[in-house]
Amino acid sequence: MMILKGSQRSGGQNLAAHLLNINDNDHVRLHELRGFASRDLKGAFKEAEAVARGTKCRQYLFSLSFSPPSSESVTVEQFEEAIGRAETKLGLDGQPRAIVFHEKEGRRHAHCVWSRIDAQTMTARQMSFFKTKLSGLSRELYLEHGWKMPRGLENAAERNPVNFTLAEWQQAKRQDIDPRWLKSTLQDCWQRSDSATALNQALQERGFFLARGDRRSHVVLDHRGEVWSLPRMLGLKTKDVRDRLGDGENLGTVEDAKKQIAEKMTPALRRHVEESRADFKERDSQLKNYRAEMVRLQRKVRDTLESQHAQEWQAETRARAERLPKGLRGLLARLTGTYKKIKSQNEAEAKATSERQAVERQKLIEQHLKQRAVLREREQELRQQQAERLSALRSDIGRYLTMGRSEPPRRDRGESRRKSEGRADRSASTSLKLTR
């Protein structure tokens with residue numbers, strides 16, 4: 001039913017700050033705290049850290065994310081069921097845990113964090129082979145629900161080659177590059193080449209340059225001088241790259257390549273790149289403003305619903321408490337069995353209220369996810385347009401740098417830009433109307 005990714009870790013306060021970060025997520029909800037005295041996430045993780053100090057365990061937490069397919073709507077009960085099965089498989093039954101739900105870009109996923117420290121024995125629960133166990137559980141959930149399983153989950157050898165690490169993602173984002181496009185571009189050049197010369201030519205056609213790195217045998221530079229590890233981008237071992245390209249001794253150094261690029265990247269060339277980026281940022285900023293307004297309205301609606309639920313719960317709890325007889329009447333009711341009947345009725349009503357409120361909350365969340373998905377499509381369309389545009393521009397830059405010319409022809413972007421802006425405006429306006 002979902003992809004499971006887990007890790008042992010310390011740094012409970014940093015993790016709590018990440019899980020509660022509302023800047024990187026549209027919505028954040030602390031769903032459950034079990035086994036902790038504290039009723040807030042930071043306090044709960046402080047408790048886990050304090051208990052761990054009585055042991056030699058440093059990575060006292062186990063964090064697990066549950067990411068369902070983007071096309072599927074997964075209920076809270078389904079998330080809880082998956083979390084419970086993961087807990088059993090990992091040997092974390094009964095351990096204190098926290099569950100947090102995130103919504104981002106029209107998708108919902110969950111995080112569960114357990115304390116690994118068994119307070120009875122003051123030892124850490126062993127997490128042997130947890131990756132294998134989680135992969136097995138993911139396959140079980142996909143099969144049980146009849147959903148299409150990702151190739152990488154069916155066979156580890158067929159994992160998506162354009163997956164990236166956090167460090168790779170951050171490096172690409174600093175350069176305003178989609179890391180998926182970057183990897184797929186370099187891998188396409190690799191597949192079309194059988195030697196260092198052929199690879200260098202293919203890379204230059206895309207605006208990249210092959211060089212000899214200080215620590216790695218081969219690296220790639222873009223027109224801005226940013227350095228990328230070729231084996232890492234290809235998802236290969238350094239030895240495999242060397243087998244095809246050699247030891248790299250015939251290649252120039254990174255500093256040589258940067259100097260050459262700096263000499264040929266004239267103000268005219270730089271201006272073309274910056275103009276394209278400025279166009280993208282302008283349209284992207286409009287969509288971000290629409291998104292911020294949508295999220296603000298959705299949060300307001302959810303806060304209103306939560307306040308309404310809290311008032312209903314308090315009023316019904318008082319009514320149920322007043323229904324229970326007290327004093328001598330209470331003693332007589334206990335003797336006759338009436339007290340037990342009233343208590344059972346109260347518990348049934350409380351359960352019904354809890355279930356009703358959960359259904360109302362889920363319906364609102366699903367409505368908001370659908371609204372957000374409309375805007376997400378427009379965001380993806382804009383990113384794709386920008387990727388295609390920069391790809392073409394990089395190809396121009398590669399050709400002109402290798403030919404020694406300094407100014408590629410200007411592209412007529414006015415018409416395509418107006419069309420893109422029109423689509424973005426119409427779609428974003430539709431999204432806001434739905435939200436309101």
Side-chain angles (χ1 to χ4, degrees), residues 2 13-33 38-45 63 65-68 70-80 83 98-113 173 283-315 353-380 382-383 424-436:
M2 51 191 76
Q13 296 307 293
N14 290 335
L15 178 58
H18 168 70
L19 294 177
L20 298 176
N21 186 353
I22 62 173
N23 295 322
D24 293 337
N25 297 281
D26 296 338
H27 303 285
V28 175
R29 176 180 173 81
L30 177 59
H31 177 69
E32 176 188 276
L33 282 177
S38 177
R39 302 324 299 162
D40 67 85
L41 195 60
K42 290 187 176 181
F45 289 171
S63 176
S65 64
F66 297 76
S67 301
S70 58
S71 59
E72 302 296 336
S73 176
V74 180
T75 65
V76 172
E77 290 73 20
Q78 289 174 316
F79 274 112
E80 290 177 332
I83 290 171
I99 300 176
V100 179
F101 284 105
H102 285 175
E103 292 174 44
K104 183 177 182 180
E105 296 187 346
R107 299 185 63 179
R108 192 184 194 198
H109 62 275
H111 296 269
C112 186
V113 183
K173 282 302 181 184
R283 288 180 286 159
D284 186 52
S285 178
Q286 292 177 358
L287 290 179
K288 285 181 177 178
N289 291 336
Y290 285 128
R291 189 195 75 173
E293 178 65 9
M294 175 185 289
V295 170
R296 185 188 68 80
L297 292 172
Q298 288 183 348
R299 288 176 180 174
K300 183 177 180 180
V301 172
R302 294 194 189 192
D303 289 343
T304 300
L305 181 64
E306 289 298 323
S307 177
Q308 177 184 332
H309 282 174
Q311 292 175 8
E312 290 176 352
W313 185 262
Q314 292 173 2
T353 297
S354 179
E355 292 175 349
R356 175 180 58 81
Q357 291 184 347
V359 170
E360 292 176 356
R361 187 182 301 111
Q362 180 67 22
K363 285 183 178 179
L364 182 61
I365 289 172
E366 291 178 357
Q367 177 187 353
H368 286 174
L369 287 173
K370 289 179 181 179
Q371 294 170 358
R372 182 66 177 86
V374 175
L375 189 57
R376 180 170 179 262
E377 289 180 4
R378 303 287 78 79
E379 292 171 337
Q380 290 177 332
L382 176 60
R383 291 169 190 164
D425 290 342
R426 288 194 298 274
S427 61
S429 299
T430 302
S431 301
L432 282 177
K433 289 177 182 178
L434 288 171
T435 306
R436 294 179 188 275

query: Any sub-3.5 Å donor-acceptor pair from Gln13's side-chain atoms to Lys42's backbone N or O?
result: yes
- request: Could you tell me whether Arg372 and Glu377 have a side-chain N and a carboxylate O separated by less than 4.0 Å?
  value: no
Where Ser63 and Val113 come nearest, the two heavy atoms and their spacing: OG-CG2, 4.0 Å
field: Minimum side-chain heavy-atom gap Leu382-Leu287 below 4.5 Å
entry: yes
query: How about His368 and Arg302: does a side-chain donor come under 3.5 Å of a side-chain acceptor?
result: yes
Residues His102, His111; criterion ring pair (Phe, Tyr, Trp, His ring centres under 6.0 Å); working and verdict: CA-CA 8 Å; His102 285 175; His111 296 269; 4.7 Å; yes
- prompt: So, does Asn21 use its side chain to make a donor-acceptor pair with the main chain of Asn23 at under 3.5 Å?
  reply: yes
- prompt: If you measure from the Lys or Arg side-chain nitrogens to the Asp or Glu carboxylate oxygens, is any gap between Glu360 and Lys363 under 4.0 Å?
  reply: no
Gap between atom CG of Asp284 and atom CZ of Arg291 - 0.5 Å precision: 9.0 Å
field: Closest non-hydrogen atom pair between Gln362 and Thr75, with its separation
entry: NE2-CA, 3.9 Å
task: Would you indicate whether the side-chain heavy atoms of Gln367 and Val301 approach each other to under 4.5 Å?
output: no
- prompt: Tell me, do Arg361 and Val76 make a side-chain contact under 4.5 Å, heavy atoms counted?
  reply: no
message: Can you see whether Glu103 engages His109 through a side-chain donor-acceptor pair at a distance of less than 3.5 angstrom?
response: no
field: Stepwise side chain to side chain contact (heavy atoms under 4.5 Å, CB included) test for Phe45 and Ser38
entry: CA-CA 9 Å; Phe45 289 171; Ser38 177; over 6 Å; no
task: Taking Thr304 for its side chain and Lys300 for its backbone only, find out whether a donor-acceptor pair lies under 3.5 Å.
output: yes
- line: Minimal heavy-atom distance between Asp26 and Gly106, with the atoms involved, is OD2-N, 4.4 Å
- request: For Arg376 and Glu105, indicate whether the former's side chain and the latter's backbone hold a donor-acceptor pair under 3.5 Å.
  value: yes
query: With a 3.5 Å cut-off and no angle check, do the side chains of Gln371 and Gln298 form a donor-acceptor pair?
result: yes
field: Shortest non-hydrogen contact between Val28 and Leu20, atoms and distance
entry: CG1-CA, 4.0 Å
query: Is the shortest heavy-atom distance from the side chain of Val359 to the side chain of Glu355 under 4.5 Å?
result: no
message: Quick one, Arg107 with Leu369, criterion side chain to side chain contact (heavy atoms under 4.5 Å, CB included). Give me CA distance, side-chain angles, the key distance, then yes/no.
response: CA-CA 7 Å; Arg107 299 185 63 179; Leu369 287 173; 5.9 Å; no
query: Rounded to the nearest 0.5 Å, how far apart are CH2 of Trp313 and OG1 of Thr353?
result: 6.0 Å
statement: With Leu30 as partner, the option from Asp40, Val100, Ile99 fulfilling side-chain contact (heavy atoms from CB on, under 4.5 Å) is Val100
- prompt: Should the pair Arg356-Glu312 be classified as a salt bridge under the 4.0 Å nitrogen-to-oxygen rule?
  reply: yes
- prompt: Between Glu306 and Arg29, is there a salt bridge with N-O shorter than 4.0 Å?
  reply: yes
- request: Evaluate the ring planes of Phe79 and Phe101, with Trp represented by its six-membered ring, and classify them as parallel (under 30°), tilted (30 to 60°) or perpendicular (over 60°).
  value: perpendicular
